[in-house]
Amino acid sequence: MKTLLKSAAFIFMALLVLSCGSEKKTVLFNGENLDNWSIYTGDPDVSPKDVFWVEDGILNTSGDPFGYLRSKDTYSNYKLHVEWRWPGEPTNSGVLLNVQGEDRIFPHCIEAQLKYGQAGDIVLMGAGAGVTVRDSAYLVTSDERFYLSIPKFEESSEKAPGEWNTYEITSLDGKLELVVNGVLQHSATEVSMNEGNIALQSEGSPLQFRNVYLVEL
């Protein structure tokens with residue numbers, strides 16, 4: 001009987017360990033350097049270190065020239081956590097999801113918008129990028145018109161410039177959810193792009209990021 005109980009206890013603990021270990025957290029920005037990222041800018045005469053740099057544990061971008069940090073690894077089925085704030089005048093940026101193909105200023109991807117007042121919008125970039133939102137299908141059909149913006153559900157849930165905001169982005173089996181500071185701002189299905197790199201944009205004015213990580217689902 002004791003042997004049976006010990007065996008049952010061992011099996012339970014093994015299952016518990018497996019269950020706890022099933023949530024795999026990947027830190028994308030470690031607060032120290034940009035080793036997990038490659039940098040792309042549209043101006044080859046500008047040093048990448050002048051566009052993206054780390055200071056006091058915070059990831060900074062100048063906003064000019066346009067470009068992005070692109071994760072070296074690709075991901076699918078994840079919950080992505082990003083915190084950001086505008087240290088000065090807020091303008092435009094974005095979290096680029098499931099980036100595919102070659103580097104260019106606006107790469108082939110699904111964007112979680114960071115433009116001030118519009119965080120939570122979905123932006124489709126590149127021919128073939130598509131989603132369904134509330135029974136309406138959206139699709140970019142040509143690279144000549146390379147993007148399509150789909151407005152968020154609610155009024156802006158962003159905080160004032162200088163305060164930290166939180167994005168919780170879930171990409172799972174063709175579904176996408178964008179939550180800004182606890183408010184569900186977008187939900188889409190039939191997402192055409194479900195695997196690729198994660199990228200953070202430089203697109204306008206200085207912006208700061210921290211606590212960038214994802215949990216694989």
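Remember, predicted model here, so these are calculated numbers, not experimental data.
- For the residue pair D121 and S149, the shortest heavy atom distance occurs at OD2-OG, 4.0 Å.
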Show the numbers, then the answer: is there a side-chain contact (heavy atoms from CB on, under 4.5 Å) between V82 and N211?
CA-CA 6 Å; V82 178; N211 296 334; over 6 Å; no
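- Residues I122 and Y116 fall within the same hydrophobic cluster, defined by Ile, Leu, Val, Met, Phe, Trp and Tyr side chains chained together at heavy-atom separations under 4.5 Å.
- Residues A129 and L124 approach most closely at O-CD1, 3.6 Å, considering heavy atoms.
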Criterion side-chain contact (heavy atoms from CB on, under 4.5 Å) on I110 and V191, from CA distance to verdict:
CA-CA 9 Å; I110 308 290; V191 179; 4.3 Å; yes
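- Remark: S171 OG to E195 CD distance equals 10.0 Å, nearest 0.5 Å.
- Screening residues 177-217 for ring pair (Phe, Tyr, Trp, His ring centres under 6.0 Å) gives H81-Y213, F153-H186 as the qualifying pairs, with residues at least two apart or on separate chains.
- With T74 contributing its side chain and G196 its backbone, the two residues share no donor-acceptor pair below 3.5 Å.
- In this structure P206 satisfies the side-chain contact (heavy atoms from CB on, under 4.5 Å) test together with P87, sequence neighbours excluded.
- Among residue pairs with one or both ends in residues 137-146, those qualifying as salt bridge (charged side-chain N to carboxylate O under 4.0 Å, His left out) are R104-D143; sequence neighbours excluded.
- Residue pairs meeting the salt bridge (charged side-chain N to carboxylate O under 4.0 Å, His left out) criterion with at least one partner in residues 58-74, sequence neighbours excluded, are R70-D103.
- Residue pairs meeting the salt bridge (charged side-chain N to carboxylate O under 4.0 Å, His left out) criterion with at least one partner in residues 172-190, sequence neighbours excluded, do not occur; the list is empty.
- Here the side chain of Q208 pairs no donor or acceptor atom with the backbone of I58 at under 3.5 angstrom.
- Residue P65 comes nearest to V46 through the heavy atom pair CD-CG1, 4.0 Å, listed as atom of the first residue, atom of the second, then distance.
- For residues 34-52, every residue pair satisfying the side-chain hydrogen bond (donor to acceptor under 3.5 Å, both in side chains) rule, not counting sequence neighbours, is listed here: N33-D35.
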Take N197 and Y68, measure what side chain to side chain donor-acceptor pair (under 3.5 Å) needs, and give me the verdict at the end.
CA-CA 11 Å; N197 308 99; Y68 49 80; over 6 Å; no
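- Here the CE-CG distance, from M125 to L97, works out to 10.0 Å after rounding to the nearest 0.5 Å.
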Report the C-alpha distance between V180 and T166 in whole Å, list the side-chain angles of each, state the deciding distance to 0.1 Å, and finish with yes or no for side-chain contact (heavy atoms from CB on, under 4.5 Å).
CA-CA 6 Å; V180 179; T166 300; over 6 Å; no
Step by step, would you call T189 with V131 a side-chain contact (heavy atoms from CB on, under 4.5 Å)?
CA-CA 6 Å; T189 60; V131 297; over 6 Å; no
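- Residues satisfying the salt bridge (Lys or Arg N to Asp or Glu O under 4.0 Å) criterion with E83, sequence neighbours excluded, are R210.
- Nearest approach of P48 to I39, heavy atoms of both residues: CB-CG2, 3.7 Å.
- Counting only residues at least two apart or on different chains, no salt bridge (charged side-chain N to carboxylate O under 4.0 Å, His left out) pair has a member in residues 149-166.
- Atom CG of L34 and atom CG of L59 lie 6.0 Å apart (nearest 0.5 Å).
- Applying the ring pair (Phe, Tyr, Trp, His ring centres under 6.0 Å) test to Y167 and every residue at least two apart in sequence or in another chain returns W84.
- In the hydrophobic clustering (ILVMFWY side chains linked at under 4.5 Å, chained through shared members), L184 is joined by V179.
- Two residues are said to be in side-chain contact when any heavy atoms from C-beta on lie closer than 4.5 Å; L114 and V95 meet this criterion.
- Nearest heavy atoms, F29 versus G57: CE2-O, 3.5 Å.
- Residue V99 comes nearest to P107 through the heavy atom pair CG1-CB, 3.8 Å, listed as atom of the first residue, atom of the second, then distance.
- Rounded to the nearest 0.5 Å, atoms OG (S76) and CE (M193) are 13.0 Å apart.
- Of the possible donor and acceptor atoms, none in the side chain of S93 sits under 3.5 Å from a partner among the backbone N and O of S202.
- In this structure, the separation between CD on Q100 and CG on N194 is 9.0 Å, given to the nearest 0.5 Å.
- The backbone N or O of S205 sits less than 3.5 Å from a side-chain atom of T91, completing a donor-acceptor pair.
- With rounding to the nearest 0.5 Å, the separation of CG in L200 from CG in L69 is 6.0 Å.
- For S157 (side chain) and V183 (main-chain N/O), no donor-acceptor pair under 3.5 Å exists by modelled atom type.
- Connection of V27 to V215 is not established within any shared hydrophobic cluster, with ILVMFWY side chains joined at heavy-atom distances below 4.5 Å, either directly or through further cluster members.
- Sorted by first and then second residue, the side-chain hydrogen bond (donor to acceptor under 3.5 Å, both in side chains) pairs involving residues 106-115 (not counting sequence neighbours) form an empty list.
- Every pair passing ring pair (Phe, Tyr, Trp, His ring centres under 6.0 Å) that includes a residue from residues 121-149 is listed here, sequence neighbours excluded: F106-F146.
- A side chain to side chain contact (heavy atoms under 4.5 Å, CB included) with Y78 holds for exactly one of L172, T26, I198; it is I198.
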